[in-house]
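The first residue of the sequence shown is numbered 1, and numbering continues consecutively from there. All ligand and atom numbering here is 1-based and tracks the order in the structure.
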Amino acid sequence: MLTLGRLTYLEASPSVAAPAGRAQTTLLLIHGFPLNARSWEPQLQLADRGWRVLAPQLRGFDGSPGHPPVDTVDDYAGDIIDLLDGLHVEDAVIGGLSMGGYITLALFRLAPRYFRGMMLADTRSQADTAEGIEGRRRMLALVRERGAGAVADEMLPKLVGETTKHLNPQIVEHTRALILASSPDAIAGGIRAMMSRPDSTPLLSSIHCPTLILVGEEDAITPPAQSEAMHRAIAGSELTILPRAGHLANLERPDAFNDALARFLTHRV
Ligand code: MLT
């Protein structure tokens, strides 16, 4: 893990030069809840195909500094702007999975000039429903009273798709380990940010950069219909539905996920 001031991140640098006449592209990937930057380890391999990959650790997750505590998706987005500025990255293909997608849309609302392209994976544009907010309140109480392990028990059955549970149970255990690496404070910050996020649907028609939307066919948290709706609302966007993957499509089908992303980066960005 690298550090820049109070920010921590993973970075993989290209082992091959950018094609002649093309500037190097940075791909910045924002992790989902309640995971951490290490959930993007399979995507760091995209550096072997010529892209610089950055995976910021959201504030407080996996031992990164957690102060001041996060209350909103804009707090996380501000940290990512600080990281891009600190690394002198003028623009990037910025994307995220699930909560990372909520933060990607917040970042686009705050600072669209950083977007050379966008990737929205297993996410949605809408704010939480009243029922969803109730569920978040229960999870806040759960993490305060019983810690990260109880959150892992509650979320794992929904995070990972049915095919993965049967064929690759080690991915479930890997995901549990990622969740257990974070403090209750970090997890509570993520919950507060998600439950207070605004509806980003009105923003979608103003996205004019190349955009890739990816979703696991078996995603039970943000099902494909929500990706299809974003695809219809973002002009010129591409949609890829990954068979045999659930909500954690990048971990469950890393090769298919990377191939879709590499095709997008090569032909659309
Ligand atoms: C995530 O994967 O980031 C969260 O499960 C998203 C959510 O709960 O809305």
Please confirm whether the backbone N or O of Thr163 pairs with a side-chain atom of Glu218, one donor and one acceptor, at under 3.5 Å? yes
Do the non-hydrogen side-chain atoms of Met99 and Pro34 ever get within less than 4.5 Å of each other? no
Using a 3.5 Å distance criterion without hydrogens, assess whether the side chain of Glu252 forms a donor-acceptor pair with backbone atoms of Gly246. yes
Parallel, tilted or perpendicular: which fits the ring planes of Phe257 and Trp40, with parallel below 30° and perpendicular above 60°? tilted
Once you measure the plane-to-plane angle for Phe61 and His31, does it fall in the parallel (<30°), tilted (30-60°) or perpendicular (>60°) bin? perpendicular
Pairs under 3.5 Å, nitrogen or oxygen of ligand 1 with protein nitrogen or oxygen:
from	atom 1	to	atom 2	distance (Å)
ligand 1	2 (O)	Phe33	O	3.3
ligand 1	2 (O)	Ser98	OG	2.9
ligand 1	2 (O)	His247	NE2	2.8
ligand 1	3 (O)	Phe33	N	2.7
ligand 1	3 (O)	Ser98	OG	3.0
ligand 1	3 (O)	Met99	N	2.8
ligand 1	8 (O)	Arg136	NH1	2.8
ligand 1	9 (O)	Tyr102	OH	2.5
ligand 1	9 (O)	Arg124	NH2	3.2
ligand 1	9 (O)	Arg136	NH2	2.8

Does a side-chain N-to-carboxylate-O contact under 4.0 Å join Asp219 and Lys158? no
